Amino acid sequence: MVKNGSTLSSRSQSKLWIILFVSLLLPGIEEIHGQQLRVESSFQPPSITIANNSVYKIIIHGSQENPQGSLPQIPGISISNSPQTFRSASFINGVPSVRLEMSFQIKPKKIGTHTIPPWTIKVGSTTLQVPGSSIKVVAANQEDKIKQQAEERQKEDLSQASFIEFINPRKFLFEGETVSGLLNLFIWDRLPVSRIERPPQKEGDAFSLTELRQPQEKRNQTKYGKTYTVFSWPTGLTAAIAGQQQIQFNTSIRVRVKSRGNSPFTSPFFNDPFFGFGREESLTVKSDLINIEVRELPMIERPDSFRGAIGKFSCRSIPDSDRVSLGDPIRLVVEITGTGNFSAMPAPVLNSNSNFKIGPPAFSFEGNEITMHEGKQLFEYILTPLKPGLISIPVITFSYFDPAREEYFTSKTNNHPLRVDPGETWVDPTPVQQQTETSDFAVSTTDLFQTENEPGEWFQNVKHKTAINSQVFWSLQSIPLFCAIGLGFYGWKRKQSGRDLFRQRQSILKKQMKESITFNDASLFFRATRERLRLEIGTFYKHPNPSSLSSNELTTLLQSSSNEEDTISEIEKILEISDDHEFAGTLKDPQSLEDLYKHINNLLKKIQ
Amino acid sequence: MKPRIVLTLLAVISFLSSLLMGSEEDRLFYDGVRAEASGDLDQAVHFYLQAAKLSHSSNLHGNLANLYFKKEQFGHAILHFRKALLLEPTNKELSINLQFAYEMAKTPPLPNDFAHSYFASDTFSFWCVLCAVVFWFGFLVFIYLFFFNPSRAVLFYFTIGWIFSGGLTGYATHFSHIQNSELLREGIAILPTENEANQTKNISLRRFAGETNSANTTLLPGQSLIIDLGKEGKIRTHESADGKNWFLARSQDGKKKGWIKEDEFGWLIDRSKRK
């Protein structure tokens with residue numbers, strides 16, 4: 001037992017030495033005195049191919065303090081700004097040694113030998129020189145080329161997984177011209193797409209696009225050696241600004257991808273998107289940037305009747321009748337058929353003249369309403385003949401620009417003769433009597449639009465000043481502001497003085513008394529009564545600690561002032577009952593407790 | 001003594017000049033009334049417009065609107081009825097005349113729904129004052145309850161009520177402020193004078209700010225339009241090569257949008273006189 005005890009004590013002694021040594025070592029771990037400060041630098045590996053990276057490592061022996069200094073920049077290599085730092089402490093031949101390693105990522109830019117010259121760093125108050133070191137960058141080898149090719153193939157595969165293609169039938173457009181194009185969204189069959197989030201949208205303001213509706217779907221389309229499902233949207237593209245313009249389309253699709261590593265299911269089956277597992281992500285799909293030249297419309301030989309129609313059209317007019325009575329309207333339909341910018345086509349000009357009063361036309365379109373590029377545009381005019389006889393419906397001149405032939409063309413409608421019969425004279429069928437009766441209820445037009453002979457009050461502005469622009473409004477805000485500050489300050493002072501505490505305690509004691517009356521708890525009632533008498537009488541006579549006052553002391557305080565004898569004796573009596581009740585437990589009925597409560601309130605009011 | 005005399009003289013001169021300025025717009029107004037009475041409507045319009053350059057009154061704009069109505073220039077008539085109503089919102093005669101002008105111009109009248117009546121631009125001051133009253137009254141009561149009333153339950157329920165009513169009035173103020181700021185950018189589509197007799201009777205909202213551009217859509221004379229704001233909160237305007245100013249406008253319901261020339265609409269509130 002003794003031997004064992006001595007063994008234990010020697011073990012515990014050695015542990016104690018280790019703890020003592022470590023505790024001495026720890027405060028000086030930043031820098032060990034005696035160990036010389038020195039710096040080493042090297043590239044690891046010192047020779048790389050152009051496609052690989054290296055590490056520039058600086059080792060500071062004798063300190064773990066972060067050094068200060070700026071790393072020189074070398075033209076042929078790029079050095080990362082965020083080094084990895086590693087601190088270590090060790091014993092070498094029983095001597096403690098610390099060091100700090102800093103590793104900078106190096107990416108070569110040029111082939112050749114690149115040298116970082118010696119440079120200085122500051123460790124604490126000591127300035128040290130980092131020795132120079134060189135790295136040799138050689139040309140890419142076969143393995144690098146294979147890796148690069150694989151990466152490029154991967155990028156190409158990704159860009160070919162889904163893409164947008166715009167089929168534009170023309171190499172250049174004229175400003176205002178509409179062409180019918182096709183937007184194709186290619187989705188590789190092996191891409192697990194759950195849905196297309198939105199139809200493609202254009203980027204760039206130089207063109208306007210008609211609304212895209214439901215796409216047409218075509219399966220098993222082969223391109224780039226892959227099988228795709230193609231969604232096609234027919235659309236009308238209108239050039240708006242002249243010049244060399246660019247347009248691009250984008251959309252987003254929802255794809256299923258593998259779950260992240262923290263999935264509770266480690267099996268690849270549970271992470272495979274093809275089995276319906278994994279998570280959904282939004283993928284943006286873009287088309288290539290499409291360059292389209294938009295030319296200005298020629299000014300030479302532009303007809304006066306040209307109003308912006310571009311395409312190839314034919315024009316005719318159809319009246320609904322060739323004989324009418326004077327005053328009866330006829331309908332004239334102007335029909336423009338062909339291909340072109342129907343969406344931007346204004347109505348041909350048809351002015352009123354001495355023969356006809358002509359109203360504004362109604363528009364309607366028959367044809368491909370998605371692209372508005374091919375079809376028939378109808379303008380319906382209402383013509384009211386103004387004089388009888390054989391008159392002609394006005395000829396309509398319609399000019400357009402043909403982008404294929406790059407020329408203006410003008411077409412005219414036929415001349416339609418119209419016989420207008422004089423008709424019968426119109427007689428007002430309304431009896432005179434009825435007119436006078438109803439005139440009382442109608443709004444009198446003489447009351448409307450009556451000229452004022454006096455100008456009235458003049459104002460500098462049509463709109464009156466609003467409240468927030470008025471200085472009075474903002475000045476008035478100061479009144480409640482000062483009131484709030486004053487009230488707040490007064491309340492704060494009051495809280496500081498303790499009056500609030502007195503009221504709170506008084507309120508609690510009153511509440512206790514009322515509750516004890518309700519529950520017929522005489523014990524609580526008298527306890528609260530005695531506390532209340534102490535509090536109110538003590539506070540009234542400014543006693544520093546009212547709760548410490550005894551019944552006799554309270555009576556003495558009351559007698560010291562000019563209180564009535566009756567009041568003093570009544571209070572004395574109540575205090576006595578309270579003391580008795582505390583020890584004897586005399587029972588009181590609730591009615592008498594309530595009377596007593598009122599009596600106490602009256603008595604406390606009489607204290608002077 | 002000398003500076004005093006100079007100051008007194010300056011004060012007298014400024015007072016007299018203000019009197020003279022005041023009488024100038026009166027004189028032009030009465031000239032307009034006389035010209036109208038003699039049947040020279042164009043001359044009357046000229047006098048009233050001259051007076052409107054100096055100052056505004058509801059009777060002046062009312063008379064001007066009546067004259068335009070008689071000349072069947074309904075866009076101008078609606079513009080000046082609206083101006084007159086801004087100066088005298090309670091004038092029923094002007095309101096009836098405006099409705100009649102809308103009917104004649106076949107233009108949809110202004111919306112009179114909940115948002116445009118209770119939170120209209122002229123209610124902005126009312127909501128501002130009510131918001132301030134609710135805030136300050138609530139704040140004072142809150143301080144009183146916090147410092148002087150021991151019951152925390154009362155303070156809690158009051159605070160809830162205060163925040164709720166403050167939120168309501170704040171929302172109303174914000175909404176009416178939007179209407180008010182839109183009023184500053186509101187214009188009325190009018191046909192330029194040379195086109196009054198034209199057949200189309202429509203005002204084009206063009207795709208781009210240029211005379212040769214095709215119309216994106218059209219507005220009827222008298223229809224309200226709001227000028228768009230740019231990124232910096234300034235009105236979106238463009239000066240074309242021929243020196244004309246163009247504004248990007250949208251109809252009151254927001255469905256129609258396009259560029260409009262400065263002479264194709266009239267500002268409800270003159271831009272030069274804004275403060």
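Proteins get letters first, then strands, A, B, ... in listed order; numbering begins at 1 in each. This one's a predicted model, so the numbers in the text were calculated from it and none came from an experiment.
Heavy atoms of Ser470(A) lying under 4.5 Å from chain B are absent altogether. Contacts between Tyr68(B) and chain A at a heavy-atom distance below 4.5 Å are absent for every atom of the residue. Contacts between Tyr144(B) and chain A at a heavy-atom distance below 4.5 Å involve backbone atoms as well as side-chain atoms.
More than 12 non-hydrogen atoms from other residues, nucleotides or ligands lie less than 6.0 angstrom from CD of Gln477(A).
Annotation: Phe148(B) is in aromatic contact with Tyr490(A) [ring centroid separation under 6.0 Å].
Rounding to the nearest 0.5 Å places CZ of Phe459(A) at 7.5 Å from OG of Ser58(B). To the nearest 0.5 Å, the span separating CG on Leu487(A) from CZ on Phe146(B) amounts to 12.0 Å. A distance of 10.5 Å separates CH2 of Trp458(A) from CG of Leu87(B), quoted to the nearest 0.5 Å. Taking CD1 from Ile468(A) and NE2 from His177(B), the interatomic distance works out to 5.5 Å, rounded to the nearest 0.5 Å.
Taking the side chain to side chain contact (heavy atoms under 4.5 Å, CB included) definition, one finds that Lys312(A) meets it with Thr339(A), Asp402(A), sequence neighbours left out.
A heavy-atom distance below 4.5 Å is found between the side chains of Tyr30(B) and Glu454(A). Residues Pro455(A) and Asp26(B) have side chains in contact (heavy-atom distance under 4.5 Å, counting atoms from C-beta outward). With contacts defined as side-chain heavy-atom distances shorter than 4.5 Å, the pair Glu457(A)/Ser57(B) does not qualify.
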Practice problem: Report the C-alpha distance between Leu481(A) and Trp136(B) in whole Å, list the side-chain angles of each, state the deciding distance to 0.1 Å, and finish with yes or no for side-chain contact (heavy atoms from CB on, under 4.5 Å). | Solution: CA-CA 8 Å; Leu481(A) 178 70; Trp136(B) 284 118; 3.6 Å; yes
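Heavy-atom neighbours of chain A within the stretch residues 127-135 of chain B, taken at a separation under 4.5 angstrom, comprise Cys128(B), Val129(B), Ala132(B).
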